[in-house]
Amino acid sequence: MACAPACFPAPGPLCVSPFIATDPVWQEKAQASVQLPNGEAAKELVREEESRDFSHLGSPPKLSRRGQDHASKITPFWNTFDCMLNDGFHPDANEGGIVNMGIANNSLMEDELLEYMHNNFKIEAIDLTYGSSLFGSTRLFQALCTHYNSADFSPKVPVLPKHILTSPGCGPLLDQIFEHLADPGDGVLVAAPCYNGFEADLTTRSKVHCIPVHCPKDKGHGSEAFNFEGESALRGFEEAIKDSESKGIKITSIIVCNPNNPVGRCYDRGALLAYGRFAAKHGLHLVFDEIYALSTFPTKDVDKPQPFISALNIDWADESGLHPGYVHILSSASKDFGLNGFRVGTFVSQHNETLVGAMKMTCKLYMVSSPADALFSSLLLNQDYLQGFIKTNRLRLAEAYDFVRSWCLHHKIDYTPSNAGHFLLVDLSRFMPREIQGRELEGREAESALWAKALDEKVCITPGFNYHHPEAGTYRLTFSLKRPCLIEGLARLEKALGLPPWL
Ligand SMILES: Cc1ncc(COP(=O)(O)O)c(C=O)c1O
């Protein structure tokens with residue numbers, strides 16, 4: 001299954017960048033490069049074929065309603081996304097490429113990872129077969145047990161292979177789990193601002209509504225940082241349930257993204273237990289997305305940073321009165337390990353055999369490829385190396401965060417202090433264009449226009465509407481880029497914002 005790239009803005013209200021309308025240049029190039037064995041250009045033959053008229057054979061083939069729905073969602077914005085992936089900035093190889101500060105991609109450990117992967121790639125005969133299990137691989141399950149039973153997660157109940165399933169990424173697992181926890185038309189609550197991929201992952205196939213919950217009182221940039229402590233984390237949730245019910249939407253679950261994307265904060269124990277009590281009261285599943293579990297770091301901003309507490313570390317029955325069969329944890333190799341491209345996602349559920357059974361049916365359709373499995377398992381099992389890797393990654397995240405923080409302070413740009421993840425939220429509202437071609441812009445339109453302006457300077461940032469941020473003008477900036485790339489990205493952003501250079 002293709003995983004929807006989730007970091008890219010949904011079609012904005014106003015598209016002003018000529019760049020956005022561009023067809024993917026790479027597609028033209030890729031087509032042109034296909035040569036047939038006789039030296040003919042395949043593109044020319046296909047062009048002739050495409051101009052043939054088949055109307056005498058009836059109308060073009062129809063898709064299912066689902067197929068038509070998906071086809072209608074492939075907008076020009078996806079082309080832009082493709083352009084960005086294909087034309088990434090590189091200080092030597094592609095100076096004119098796009099600096100992508102919109103995707104959560106961690107390249108800070110790239111050199112070490114490449115070295116490790118080159119030196120430790122070892123597959124066995126079984127990797128050439130369907131492997132050791134239809135539902136994943138016993139090698140990876142074993143490696144993941146070592147990972148989850150470590151001090152970073154400190155599980156109350158040890159994690160066993162039978163609690164785990166794998167699939168190509170956390171996105172595909174979100175798609176699968178909500179196919180099993182909700183029926184089409186049901187709803188899932190998530191505190192706003194929230195990771196934009198949840199919507200795509202829940203709606204595309206499972207047809208489940210992803211409902212962002214805004215705290216009624218939280219207005220203004222930076223207020224999102226208060227939603228991580230005790231009962232206050234649940235403000236707005238009771239109203240969201242009532243509101244959904246009044247619209248005929250049955251709420252079945254809550255997603256808790258901890259550490260949080262896009263805010264970059266961890267929930268304290270009180271907040272996690274408040275979620276547990278709320279879930280117990282309403283009979284809801286709690287799906288924890290812990291994809292940034294190991295990406296916490298020290299900062300000058302947060303005095304006593306809240307450490308990450310895994311859902312595995314909580315006795316849900318005793319501490320919050322919630323049947324533990326309602327608690328499920330998702331993660332992947334993508335973020336903490338800088339391995340977005342490996343496509344290895346993990347699902348853990350310790351007290352719900354029925355759900356594990358249901359997930360087996362879909363996970364077997366989407367198995368992790370054995371080379372990725374072998375390499376990721378090797379990394380997880382090499383504890384000495386891994387501990388050093390996690391430590392260095394945290395240090396580099398801290399340095400990169402500090403760099404962007406200094407940039408913000410220099411330009412007097414407000415930002416939401418964070419201590420986890422690969423990004424931070426910045427308030428660029430004062431730079432939003434007020435009008436375009438004589439037309440006044442407001443709110444989200446102005447937000448889109450600034451995003452497009454940045455894209456014209458070949459730097460991608462993500463606008464707040466994508467995260468259901470309550471205030472227009474808040475953008476998410478990824479800082480986990482190698483330094484030359486980060487410097488270039490900030491310099492281009494300065495141009496887009498009309499600011500003098502910092503460096
Ligand atoms: C919070 C969160 N969950 C899930 C995903 C998807 O991750 P994966 O690459 O494992 O599909 C992302 C990717 O950005 C994310 O930030």
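Order of appearance sets the numbers: ligands from 1, and atoms from 1 within every ligand. Because the structure is a prediction, the values reported are computed rather than measured.
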Check your understanding: Gly197 near ligand 1, heavy-atom distance under 4.0 Å?
Key -> no

Check your understanding: Is the NZ or CZ atom of Arg483 positioned over Phe403's six-membered ring, under 6.0 angstrom from the centre and within 45° of the axis?
Key -> yes

Review point. Is it the case that Arg265 places NZ or CZ above or below the six-membered ring of Phe228, under 6.0 angstrom from the centre and within 45 degrees of the axis?
Key: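 No, cation not above the ring by the 6.0 Å, 45° rule.
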
Point to revise | Polar proximity ligand 1 side, Asn340 side, N/O cut 3.5 Å exclusive | key: no

Check your understanding: So, is Gly171 polar-close to ligand 1, with some N/O to N/O distance under 3.5 Å?
Key -> yes

Review point. Quick check: are there more than 12 heavy atoms from other residues, nucleotides or ligands sitting under 6.0 Å from CZ of Arg269?
Key: yes

Check your understanding: Between Glu447 and Arg444, is the closest basic N to carboxylate O distance under 4.0 Å?
Key -> yes

Exercise for review: Answer yes or no: is there an ion pair linking Lys453 with Glu457, defined by an N-O contact shorter than 4.0 Å?
Suggested key: no

Please could you name the atoms of ligand 1 that [X] approaches to less than 4.0 Å, counting only its heavy atoms?
X	result
Asp289	1 (C), 2 (C), 3 (N), 4 (C)
Cys257	1 (C)
Arg343	8 (P), 9 (O), 11 (O)
Gly169	10 (O), 11 (O)
Lys335	12 (C), 13 (C), 14 (O)

Review point. Is the Tyr275-Tyr267 ring centre distance short of 6.0 angstrom?
Key: yes

**Study point:** Ser334 contact mode with ligand 1 (heavy-atom cut-off under 4.0 Å)
**Key:** side chain

Review point. Side chain or backbone of Ala333 under 4.0 Å from ligand 1, or both, or neither, by non-hydrogen atoms?
Key: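 Under 4.0 Å from ligand 1, Ala333 contributes no heavy atoms.
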
**Study point:** Partner set under ring-ring contact (aromatic ring centres under 6.0 Å, His included) for His422, not counting sequence neighbours
**Key:**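 With neighbours one apart ignored, the set is Tyr292.
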
